[in-house]
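Taking it in order: structure first as structure tokens, then the write-up.
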Amino acid sequence: MASTLYAHLATPTLPSRKLSSLSCQTMFHSALSFSIGTTKGKHCSVLKVLCNAQSAPAAVNLAPGTPVRPTSILVVGATGTLGRQVVRRALDEGYDVRCLVRPRPAPADFLRDWGATVVNADLSKPETIPATLVGVHTIIDCATGRPEEPIKTVDWEGKVALIQCAKAMGIQKFIFFSIHNCDKHPEVPLMEIKHCTEKFLRDSGLNHIVIRLCGFMQGLIGQYAVPILEEKSVWGTDAPTRIAYMDTQDIARLTFIALRNENINGKLLTFAGPRAWTTQEVITLCERLAGQDANVTTVPVSVLRFTRQLTRLFEWTNDVADRLAFSEVLTSDTVFSVPMAETYNLLGVDAKDVSSLEKYLQDYFTNILKKLKDLKAQSKQTDIFF
């Protein structure tokens with residue numbers, strides 16, 4: 001992967017497109033200089049993002065080149081929980097899939113094995129992005145920062161760079177995954193950044209779709225199902241938050257239906273599962289399917305709030321505080337769900353085709369974890385003690 005953008009980008013697919021190596025980086029840094037600031041709160045410093053793509057320089061006018069194939073897509077964040085399902089769905093539906101993956105010690109060989117092309121780039125290094133966009137029609141952005149990273153590094157600075165370069169390269173469509181109700185929680189850095197990225201994308205003039213998500217069913221496996229079967233502690237809170245979890249396979253399927261529907265261009269959609277669940281209801285369901293009780297450790301919301309305030313006192317723990325802010329929203333009296341009837345009608349989807357949490361967890365316990373549990377029980381019977 002080249003560390004700088006080619007002076008003239010040209011491929012057999014796009015013979016006449018040209019872009020200087022400096023122009024994309026210049027737009028990126030100019031956008032940031034106008035878009036990020038810091039304000040002082042009563043108790044702590046809070047990241048504030050001023051969402052205005054218009055403040056950045058306009059994208060370079062490119063001479064019209066040979067149109068790229070509509071089936072050519074780039075998936076950003078392809079190794080994540082949602083990203084890998086988007087890749088699988090795209091390949092199953094005949095798309096030519098390219099995956100933007102950060103250089104890593106363990107290569108993403110499974111993506112190549114599926115039939116995708118893997119290109120190395122890093123959203124935190126904007127000079128690595130443009131070359132990955134050559135010959136791409138649509139970008140599907142599933143990426144988010146790693147837990148150990150500052151939230152704004154990938155989720156804001158990286159996304160600004162990606163959107164600016166997509167505009168300069170003439171990308172035809174951009175799909176961005178956001179968070180439900182992100183516009184209602186500006187006190188949470190991650191949600192504020194997601195909302196600002198939505199606005200930045202809209203102001204950029206790119207043909208786009210924004211999809212807000214409530215929660216992934218897959219995330220419940222490691223959080224509740226596995227610890228219950230392994231008789232380990234399950235962490236929960238005393239808050240009545242309700243989340244309409246959705247299978248990422250359903251999210252990927254609905255995403256490509258939306259991608260092919262030209263009437264949805266420029267719209268904001270929210271995907272939610274059939275029912276909103278509290279933490280205790282999820283734990284109870286897992287207990288019933290596993291046939292054993294959970295060892296639940298309850299963390300009061302007040303403890304999370306105190307911990308966040310404490311970590312805000314130190315510069316080196318600010319990133320932890322930012323993520324605790326998101327946890328605080330998830331443990332408040334909030335409902336992460338929306339009626340889906342209108343969305344189903346818009347997409348031409350039958351609600352019965354969307355997986356319920358009960359069915360998802362039942363299949364998981366029955367087909368995978370219960371077998372592992374039986375094998376574990378048999379091995380214990382053959383243990384020899386001296």
Side-chain angles (χ1 to χ4, degrees), residues 1-11 13-14 19-29 31-32 36 68 72-91 95-169 171 174-177 190 193-194 197 218 222 248 252 316 319 322-323:
M1 175 59 60
S3 60
T4 59
L5 177 61
Y6 302 113
H8 299 285
L9 290 180
T11 67
T13 311
L14 294 170
L19 181 65
S20 71
S21 62
L22 187 60
S23 53
C24 192
Q25 297 178 57
T26 300
M27 289 187 297
F28 164 64
H29 291 298
L32 291 184
I36 294 184
V68 297
S72 175
I73 68 172
L74 174 72
V75 179
V76 185
T79 59
T81 302
L82 175 59
R84 62 183 62 198
Q85 295 300 337
V86 169
V87 172
R88 286 290 295 268
R89 187 74 194 188
L91 291 169
Y95 285 87
D96 183 11
V97 183
R98 186 184 304 174
C99 302
L100 189 156
V101 177
R102 281 194 272 193
R104 49 197 287 171
D109 289 338
F110 70 95
L111 297 173
R112 296 186 182 92
D113 293 341
W114 291 349
T117 301
V118 175
V119 292
N120 286 331
D122 192 334
L123 293 184
S124 65
K125 299 176 181 178
E127 70 274 9
T128 68
I129 298 174
T132 68
L133 307 185
V134 177
V136 169
H137 181 279
T138 299
I139 294 175
I140 302 180
D141 177 15
C142 312
T144 192
R146 296 168 179 166
E148 67 272 13
E149 294 176 318
I151 287 176
K152 72 174 184 178
T153 300
V154 170
D155 288 286
W156 175 247
E157 295 174 357
K159 298 307 176 71
V160 167
L162 180 62
I163 292 169
Q164 290 284 351
C165 290
K167 178 67 174 179
M169 294 288 291
I171 297 300
F174 195 112
I175 295 181
F176 174 66
F177 289 105
L190 179 59
I193 285 174
K194 288 289 187 182
T197 306
Q218 279 75 2
T248 53
W316 55 275
D319 297 332
D322 288 344
R323 296 186 184 277

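Computed from heavy atoms alone, side chains included, the values below leave out hydrogens, waters and symmetry copies. Because the structure is predicted, anything quoted here is derived from the model rather than measured. Numbers here simply count residues along the sequence, with the first being 1.
Interatomic distance, CD1 of Ile171 versus CD1 of Ile73, reported as 12.0 Å (0.5 Å rounding). For the atom pair OG1 of Thr197 and CG of Asp155, the computed distance is 7.5 Å after rounding to the nearest 0.5 Å. To the nearest 0.5 Å, atoms CG (Asp122) and CD1 (Ile129) are separated by 8.0 Å. One finds the CE atom of Met169 at 8.0 Å from the OG1 atom of Thr132 (value rounded to the nearest 0.5 Å). Atoms CG and OG1, from Asn120 and Thr128 in turn, are 9.0 Å apart once rounded to the nearest 0.5 Å. Note that CZ of Arg98 is 10.0 Å distant from CD1 of Ile139, once rounded to the nearest 0.5 Å.
Not a single donor-acceptor pair under 3.5 Å links the side chain of Lys159 to the backbone N or O of Leu123. A donor-acceptor pair under 3.5 Å is formed between the side chain of Arg84 and the backbone N or O of Thr79.
A pairwise comparison of heavy atoms in Val136 and Ser72 identifies CA-OG, 3.6 Å as the closest pair. Looking at every heavy atom in both residues, Val75 comes nearest to Cys142 through CG1-SG, 4.2 Å. Minimum interatomic distance between Val87 and Ala116 (heavy atoms only, all atoms of both residues): CG1-CB, 4.2 Å.
Contact of the Phe174 side chain with the Asp141 side chain is registered, since non-hydrogen atoms from C-beta on lie closer than 4.5 Å.
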Please assess Phe176 against Lys194 for the test side-chain contact (heavy atoms from CB on, under 4.5 Å), listing each intermediate value before the final yes or no. CA-CA 9 Å; Phe176 174 66; Lys194 288 289 187 182; 3.8 Å; yes
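For the residue pair Gln218/Thr248, the side-chain donor-acceptor check at 3.5 Å is satisfied.
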